[in-house]
Amino acid sequence: MSFFLNGIHVPHRKNTEKTPAVYMTPPQTVMLPMSMHIGAPAKPIVKVGDPVKVGTRIAEAVGAVSSPIFSSVSGKVTKISDMLLSNGNTVPAVTIQSDGEMTADETLRPPVIRSAEDLIEAIRESGVVGLGGAGFPTYVKFKVDLSRIEHLIINGAECEPYITSDSVTMAERADDMEYAITSMQAHFGIKHIVIGIEKNKKRAIASMQALAERVPGVEVKVLPSVYPQGGEKVLVYHTVRRVIPAEKLPIDVGCIVCNCTTVAAIGSFLKTGMPLVKKCVTVDGACVKEPKNVIVPLGTPISDIFEFCGGLTETPEKVLYGGPMMGVAIPDLQAPVLKNTNAVLALSAKEARLPQTTACIRCGACTNNCPFGLAPASIAAAYQKKDAARLEKLQIQTCMECGCCSFNCPANRPLVQTNKLAKAFLKEEKTKEASKNG
Amino acid sequence: MDKPLHLSASPHIHSGRSTTGIMRDVLIALIPAAVAGTVIFGWRSLLVIAVCTASCVLLEALFNAITKKRQTIGDLSAAVTGLLLALNLPASIPIWQCVIGSLFAIVIVKCLFGGIGHNPVNPAITARVFMLVSFGSMATQAYPVIVDTVAGATPLPSIGAGQMPALSDLFFGLTGGAIGETCAAALLVGFIYLLARRIITWHIPVSFVGSVFVCSLLMEGFDFTKALALILSGGLLLGAVFMATDYVTSPATAKGKLVFGIGAGLLTFLIRYFGVYPEGVSFAILFMNILTPYIDALTAHKVFGGQRKA
């Protein structure tokens with residue numbers, strides 16, 4: 001089966017690409033919610049008053065899909081309180097007052113890896129989750145029959161506007177990535193590793209091509225800069241020409257996809273024993289005085305980061321975790337940097353104001369721009385009638401919520417937003433159906 | 001922070017394309033045809049254009065006001081309908097008929113069905129058909145022509161009778177016909193503009209005109225000149241470029257557009273050769289408008305990674 005996947009040209013606005021990432025002066029306090037990943041929230045193992053250092057474990061993973069959490073500063077636990085997350089869930093969050101020293105935990109040691117199981121355990125213990133934005137605990141992806149893995153695809157596409165933290169990581173942390181890659185080759189027996197990068201990222205491409213020359217079995221695939229190149233199914237198709245069926249995972253077609261920053265974080269843990277405690281974050285948007293990539297301790301309040309970047313030039317219309325196509329708008333600047341935060345953007349009214357919604361003129365831009373060939377206008381009509389059978393036929397569950405439909409709609413109809421509701425509705429109807437029949 | 005942060009679901013940016021922008025581009029693309037029509041058929045063409053455009057816009061505004069709906073004339077779609085209707089009428093048409101035609105297009109075909117995006121058929125084309133079957137002025141009245149090569153509504157009957165106008169006259173529109181339909185050169189300029197601005201794709205115009213050309217060629221025993229004359233005359237180019245490509249009443253996907261174009265081409269050919277009317281473009285488009293929901297259903301994109309159709 002051959003497909004031509006549509007994509008769209010979004011404004012790049014990669015203003016921060018050429019400058020190296022800088023370390024931020026440590027914040028006075030950090031706030032670490034127990035859920036910075038998909039799966040069960042972690043369980044705090046510290047109490048108020050406990051002294052902690054950088055890398056000290058403060059929460060344990062619970063259950064099969066979860067991730068441990070480590071202190072990102074040295075200091076003292078001052079508060080454990082409930083925190084409302086942007087997905088609507090409330091979880092405990094540990095607040096740590098920094099002593100300003102950033103002393104590393106001296107008990108940390110690089111893990112000893114003798115087998116594939118050791119490596120999976122190490123990835124779990126590193127606290128690494130999908131750092132491209134998904135936040136899915138990385139070790140879970142490898143809990144499969146390892147002989148099924150034909151290709152490891154490293155996602156360096158970074159197709160969202162503004163964000164350059166992955167490019168900067170590829171350009172500056174090739175050694176960490178190489179360490180993780182060679183370890184995975186040795187212990188997981190992965191024969192083919194392909195790094196997919198959009199062609200406008202020259203610095204990252206050069207760095208990764210040098211890596212590919214050093215390490216046999218690694219290939220760099222330069223991809224067109226078309227959004228959503230970094231969508232998992234899009235990337236798998238464009239790197240190894242395999243189609244992931246609806247509601248299936250990459251492993252079902254012999255692939256595992258990992259974000260490049262995720263790979264670097266694993267490499268750094270394997271090398272030094274320091275778990276995931278900091279993150280390279282792109283700080284940009286018209287309201288930010290000095291846009292740059294900043295390496296910050298997890299849990300740093302966003303307001304501190306903006307201050308480090310010269311402050312805000314005007315009151316932003318919107319502040320986002322992540323990019324403008326799929327990122328999440330946040331209600332206040334005290335929100336902390338999470339494991340899967342790759343950018344914080346302060347958009348001005350001019351950048352973020354959307355046109356008024358008008359009637360659909362049936363122009364077909366939504367379906368003709370959908371990478372997967374879905375028909376968002378028909379889906380919206382079916383959702384309005386709450387027609388589950390029709391939604392199923394329109395294969396709404398395939399939607400990856402990339403937003404190409406809404407971005408291009410001349411009537412600015414809330415298409416991808418309706419798709420999300422329709423997906424949830426269909427899932428609910430199917431559960432109801434199943435419980436009725438069972 | 002004095003002002004609260006705005007919260008909404010992604011995406012947080014927009015391409016900037018808008019209905020108004022699209023309609024503005026269609027109006028711009030129609031300017032060459034309107035100018036050519038005025039040059040060829042005289043100043044009365046401008047009067048027809050002004051009356052139709054103004055009537056359509058005012059009637060839509062009035063309808064929205066009476067029914068207490070959000071005002072929609074700002075999207076310029078009523079202006080497009082008015083201009084298109086005018087370009088489909090002979091310059092000599094009585095002014096009261098222009099107003100009736102506009103009323104039919106905007107109120108009956110568009111507004112009563114729910115306004116922009118909800119009309120099942122193209123308002124301008126339907127009004128043209130309505131006027132054709134209602135008013136004698138549309139069919140029998142001889143259209144004014146500068147160069148008197150042909151007598152009759154359009155050059156079509158004369159081509160059928162064996163006296164063919166020069167191809168250059170057809171290309172530059174120096175023949176009889178409606179205000180905007182005769183000058184192929186002006187229509188092609190509009191077509192190129194719409195393609196360049198990505199307002200339309202090539203699929204409908206090319207497959208529509210192409211299928212008429214191929215059928216005529218077969219029918220006329222591979223007489224290329226005659227087949228060329230047949231695609232340059234009548235309302236074919238105006239219909240194929242501007243009316244058949246109306247988003248609301250044509251299919252969404254490339255495949256669907258090809259089906260639509262070929263279907264309209266075949267119908268045009270059949271009506272021209274075997275029907276009672278000399279020209280079949282409007283009827284063909286109207287008929288394909290009605291089939292569009294079915295074409296859409298049968299030509300939807302294949303879903304990437306999706307299950308096979310049930």
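Keep in mind that what you see is a predicted model, and the values were worked out from it rather than measured. The chains referred to below are lettered A, B, ... by the order of the sequence lines, with proteins before strands, and numbering in each begins at 1.
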Problem set entry | A/Met326 side chain near A/Tyr227 side chain, heavy-atom distance below 4.5 Å | yes
Problem set entry | Atom group of B/Thr72 that falls short of 4.5 Å from chain A, counting heavy atoms | neither
Exercise. So which of A/Ile361, A/Ile8, A/Val319, A/Val328 has the largest heavy-atom pair count under 4.5 angstrom toward chain B?
Worked result: A/Ile361
For this session: Find the one option among A/Ser378, A/Cys360, A/Ala377 whose heavy-atom pairs under 4.5 Å with chain B are most numerous.
Result: A/Cys360
Exercise. Taking it one step at a time, do B/Ile31 and B/Leu27 satisfy side-chain contact (heavy atoms from CB on, under 4.5 Å)?
Worked result: CA-CA 7 Å; B/Ile31 289 174; B/Leu27 288 175; 6.0 Å; no
Seminar exercise, completed: Counting heavy-atom pairs under 4.5 Å with chain A, the top scorer among B/Gly21, B/Gly16, B/Ser8, B/Gly115 is B/Ser8
For this session: Counting only heavy atoms closer than 4.5 Å, note whether A/Lys248 contacts chain B via side chain, backbone, both or neither.
Result: neither
Problem set entry | Atom of B/Lys110, atom of B/Pro123 and distance for their closest heavy-atom approach | CB-CG, 4.3 Å
Problem set entry | Heavy-atom proximity to chain A below 4.5 Å, by part of B/Ile116 | both
Exercise. Picking from A/Pro371, A/Pro11, A/Pro245, A/Cys366, which has the most non-hydrogen pairs under 4.5 angstrom with chain B?
Worked result: A/Pro245
For this session: Go through the atoms of A/Ala352 and report whether side chain, backbone, both or neither lie under 4.5 Å from a heavy atom of chain B.
Result: both
Exercise. Would A/Tyr383 and A/Asn419 satisfy side-chain contact (heavy atoms from CB on, under 4.5 Å), going step by step from the backbone distance to the final call?
Worked result: CA-CA 8 Å; A/Tyr383 176 69; A/Asn419 280 3; over 6 Å; no
Problem set entry | Residue pair B/Asn122 / B/Asp246, side-chain donor-acceptor N/O under 3.5 Å | yes
Exercise. Can A/Thr282 and A/Asp284 be counted as having a side-chain donor-acceptor contact under 3.5 angstrom?
Worked result: no
Seminar exercise, completed: Under 4.5 Å to a heavy atom of chain B? For A/Leu345 that would be neither
For this session: Between chain B and each of A/Gly364, A/Ala359, A/Ser406, count heavy-atom pairs under 4.5 Å; write down the option with the most.
Result: A/Ser406
Problem set entry | Contact class of A/Pro414 relative to chain B, heavy atoms under 4.5 angstrom | neither
For this session: Would you mind checking if A/Lys350 and A/Glu317 are paired as a salt bridge, meaning a charged N to carboxylate O distance below 4.0 Å?
Result: no
Exercise. Among B/Ile106, B/Val107, B/Ile73, B/Val80, whose side chain to side chain contact (heavy atoms under 4.5 Å, CB included) with B/Cys56 holds?
Worked result: B/Ile106
For this session: Can you tell which part of A/Cys363 gets under 4.5 Å to a heavy atom of chain B, answering side chain, backbone, both or neither?
Result: both
For this session: Mind ranking A/Ser86, A/Cys409, A/Cys370 by heavy-atom pairs under 4.5 Å with chain B and telling me who comes out on top?
Result: A/Cys409
For this session: Run the ring-centre check on B/Phe304 versus A/Tyr237 and record whether the distance is less than 6.0 Å.
Result: yes
For this session: Check whether A/Pro331 gets within reach of chain B through its side chain, its backbone, both or neither, counting any heavy atom under 4.5 Å.
Result: both
Problem set entry | Option that, when pairs with chain B are counted at under 4.5 Å, heavy atom only, ranks first among A/Leu394, A/Ile330, A/Leu374 | A/Ile330
Exercise. Residue by residue, which of residues 252-263 of chain B have a heavy atom closer than 4.5 Å to a heavy atom belonging to chain A?
Worked result: B/Ala252, B/Thr253
Exercise. With A/Tyr162, which of A/Glu351, A/His12, A/Lys14 fulfils side chain to side chain donor-acceptor pair (under 3.5 Å)?
Worked result: A/Glu351
Exercise. With side chains defined as the heavy atoms from C-beta onward, is the minimum distance between B/Phe242 and B/Ile200 less than 4.5 Å?
Worked result: no
Exercise. Side chain, backbone, both or neither: which part of A/Leu354 has a non-hydrogen atom closer than 4.5 Å to chain B?
Worked result: side chain
For this session: Determine whether the side chains of A/Asn408 and B/His14 contain a donor N or O and an acceptor N or O closer than 3.5 Å.
Result: no
Problem set entry | Side chain proximity check, A/Cys402 to A/Met325, heavy atoms < 4.5 angstrom | no
Problem set entry | Contact class of A/Gln356 relative to chain B, heavy atoms under 4.5 angstrom | side chain
For this session: Check whether A/Thr398 gets within reach of chain B through its side chain, its backbone, both or neither, counting any heavy atom under 4.5 Å.
Result: side chain
Exercise. What part of B/Thr245 gets closer than 4.5 Å to chain A, counting heavy atoms only: side chain, backbone, both or neither?
Worked result: neither
Exercise. Are any non-hydrogen side-chain atoms of A/Thr418 and A/Pro376 less than 4.5 angstrom apart?
Worked result: no
Exercise. Can you check whether B/Thr249 reaches B/Ile125 side chain to side chain, under 4.5 Å on heavy atoms?
Worked result: no
Exercise. Contact part of B/Asp296 toward chain A, heavy-atom cut-off under 4.5 Å: side chain, backbone, both or neither?
Worked result: side chain
Exercise. Should B/Arg128 and B/Glu181 be marked as a salt bridge (charged side-chain N to carboxylate O under 4.0 Å, His left out) after you check the CA-CA gap, both sets of side-chain angles, and the distance that decides it?
Worked result: CA-CA 13 Å; B/Arg128 181 188 180 163; B/Glu181 73 184 13; 3.3 Å; yes
